[in-house]
Participant: 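This structure is in structure tokens; I'll ask about it shortly.
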Amino acid sequence: MPKLSIRDLRVEDREVLMRVDFNVPLQDGEITDDTRIEAALPSIKHLLSGGAKLVLCSHLGRPKGEPEARYSLKPVAVRLGELLEQDVFFATDCIGAEVTAKRATLGSGEVILLENTRFHAGEKVNDREFAAALAGNATVFVNDAFGTAHRAHGSTEGVTHHVEKSAMGFLIERELEFLCDKLESPERPFVVILGGAKVSDKIEVIGALLEKADALIIGGAMANTFLHAQGHRMGNSLLEADKSELALDILAKAEAKGVRILLPVDTRMTREFKEGAETKVTAPYAEGGEVGDDWEGIDIGDLAIEEFCTEIAAARTIVWNGPMGVFELNSFEKGTKEVARAVADSEALTIVGGGDSVTAVKKYNLGDSMSFISTGGGASLELLEGKELPGVAALTDV
Ligand code: AMP
């Protein structure tokens with residue numbers, strides 16, 4: 001169902017509440033990366049130039065439903081003021097009489113940031129009274145926090161019941177454009193690259209993608225689970241032995257649907273899990289390759305890299321979620337690095353989703369070469385699974 005967009009709103013002289021994602025990393029009260037604040041600027045500037053009286057709210061970190069100084073949004077208000085080059089008022093709570101009074105004094109084009117919504121237990125349980133207090137006298141709500149849109153919290157879903165109109169901001173609009181609209185009838189071949197630690201985390205997304213993709217490339221420790229299920233010796237590799245049946249079931253379903261699943265034909269392994277450790281590539285599994293007892297598979301092998309990159313080069317649409325190995329250590333990064341490069345070099349529509357592949361793309365400075373990098377780990381997986389996000393579903397239909 002199409003949703004109301006920030007573009008469709010008239011906000012002059014109206015109090016607008018906007019949920020943003022200001023969950024920034026902090027060290028000793030200093031913001032170490034302000035990407036998320038920068039990312040929210042287009043929606044904020046759009047509303048301010050439209051004459052809104054703008055009230056911003058966000059969570060930060062994981063406080064336990066009560067105030068905790070180290071999770072205060074105060075430093076964010078300061079940084080936002082610098083970026084906007086205008087005063088940003090800060091409220092020391094997100095609800096209550098003092099905040100209500102302060103909000104009432106806002107003029108057109110002025111902005112206030114409320115304190116961390118998770119300082120109240122009502123936020124995560126989506127308490128009705130909390131949400132009503134947070135909405136306050138705002139008549140319009142904008143949600144631009146994609147990373148929490150898969151949670152029905154007070155500030156993402158609850159508030160929509162206490163305003164006249166709820167719209168998506170530019171960030172959510174773009175996430176939906178790439179993760180939903182563009183993948184509805186993807187240009188083919190549509191190749192999905194999955195990696196990371198666990199099959200069990202991504203089982204639903206695999207099921208959904210079997211309905212859409214032409215080929216699924218599987219790397220990372222996830223691939224170890226499949227290889228183990230096929231009867232290959234995997235030594236000390238990280239794998240989920242209890243998911244063998246599930247893995248074989250996925251392979252059978254893929255075959256029945258005519259979706260090709262590419263598992264690594266060989267594996268890079270180590271005896272020591274540390275930077276600078278010696279590594280060795282197994283013989284191809286088809287020729288009896290195996291990960292010996294003292295070894296563990298920590299990356300895809302060289303032949304696997306070649307095969308995966310050839311597949312990637314021929315694709316017209318690519319979704320990548322999860323690293324091919326333990327890329328955090330340079331000694332084990334080759335597979336992830338080469339796959340990242342192949343995706344970046346591709347002329348296809350390239351969508352990178354999920355925390356660790358985004359970190360990898362940043363590590364290799366390839367961000368500018370991707371069509372789209374999703375900002376939400378859990379939320380982007382749920383969209384790929386075809387699920388409705390509560391924070392989006394609650395917005396006004398058009
Ligand atoms: P996920 O959060 O499921 O995307 O998993 C990402 C993590 O999986 C990264 O921190 C990788 O280091 C780790 N990983 C990927 N491949 C392997 C592997 N073969 N063995 C152990 N850990 C791995």
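Ligands are counted one by one from 1 in listed order, and the atoms in each one are counted from 1 as well.
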Participant: Please find the pair of heavy atoms, one from N224 and one from L238, that lie closest to each other, and give the distance.
Facilitator: ND2-O, 3.0 Å
Participant: Hydrophobic clusters here meaning ILVMFWY residues chained together by side-chain heavy-atom distances under 4.5 Å, can you tell me if V339 and V265 are in one?
Facilitator: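 No, it is not one cluster - the side chains of V339 and V265 are not joined through contacts under 4.5 Å.
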Participant: Pairs of nitrogen or oxygen atoms closer than 3.5 Å, one from G297 and one from ligand 1: do any exist?
Facilitator: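 G297 vs ligand 1: N/O contact under 3.5 Å present.
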Participant: Yes or no on side chain to side chain donor-acceptor pair (under 3.5 Å) for N321 and S357, after CA distance, side-chain angles and deciding distance?
Facilitator: CA-CA 6 Å; N321 185 303; S357 14; 4.8 Å; no
Participant: In ligand 1, which numbered atoms sit nearer than 4.0 Å to a non-hydrogen atom of G196?
Facilitator: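 Answer, ordered by atom number: 1 (P), 3 (O), 4 (O), 5 (O), 6 (C), 8 (O).
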Participant: Of the non-hydrogen atoms in E307 and L263, which two are nearest, and what is the gap between them?
Facilitator: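 That would be OE1-O, 4.2 Å.
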Participant: Can you check whether A221 has an N/O within less than 3.5 Å of an N/O in ligand 1?
Facilitator: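 It does: an N or O of A221 is found under 3.5 Å from an N or O of ligand 1.
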Participant: Short question: side chain of T270, backbone of E278 - any donor-acceptor pair under 3.5 Å?
Facilitator: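 Yes, the answer is positive, given that a donor and an acceptor are paired below the 3.5 Å cut-off.
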Participant: Using a 4.0 Å cut-off to any heavy atom of N224, which atoms of ligand 1 qualify?
Facilitator: 19 (N)
Participant: Which protein heavy atom lies closest to atom 10 (O) of ligand 1, and at what distance to 0.1 Å?
Facilitator: E328 OE2, 2.4 Å
Participant: Is A197 in polar range of ligand 1, meaning some N or O pair under 3.5 Å apart?
Facilitator: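 Between A197 and ligand 1 (N or O atoms, distance only) the closest approach is under 3.5 Å.
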Participant: Does atom CD (E82) have a neighbourhood of more than 12 heavy atoms from anything else shown, all under 6.0 Å?
Facilitator: yes
Participant: I'd like to know whether NZ of K165 has more than 12 heavy-atom contacts from other residues, nucleotides or ligands below 6.0 angstrom.
Facilitator: no
Participant: Touching ligand 1 at all, K202? Heavy atoms, strictly under 4.0 Å?
Facilitator: yes
Participant: Relative to atom 2 (O) of ligand 1, which among D356, T359, L238 owns the nearest non-hydrogen atom?
Facilitator: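 The residue whose heavy atom sits nearest atom 2 (O) of ligand 1 is D356.
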Participant: Considering the heavy atoms of G220, write down every atom of ligand 1 situated less than 4.0 Å from one of them.
Facilitator: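 In order of number, 16 (N), 19 (N).
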Participant: With atoms numbered from 1 as shown, which atoms in ligand 1 lie under 4.0 angstrom from a non-hydrogen atom of V326?
Facilitator: 12 (O), 16 (N), 17 (C), 18 (C), 20 (N), 21 (C), 22 (N), 23 (C)
Participant: Would you mind listing which atoms of ligand 1 come within a distance below 4.0 Å of any non-hydrogen atom of I298?
Facilitator: 19 (N)
Participant: Tell me whether atom 23 (C) of ligand 1 lies less than 4.0 Å from at least one protein heavy-atom position.
Facilitator: yes
Participant: Keeping K243 on the side-chain end and A229 on the backbone end, is there a donor-acceptor pair under 3.5 Å?
Facilitator: no
Participant: Taking CG in D8 as the centre, count heavy atoms belonging to other residues, nucleotides or ligands within less than 6.0 Å. Is the count above 12?
Facilitator: yes
Participant: Check this for me - ligand 1, D201, N or O atoms closer than 3.5 angstrom, yes or no?
Facilitator: no
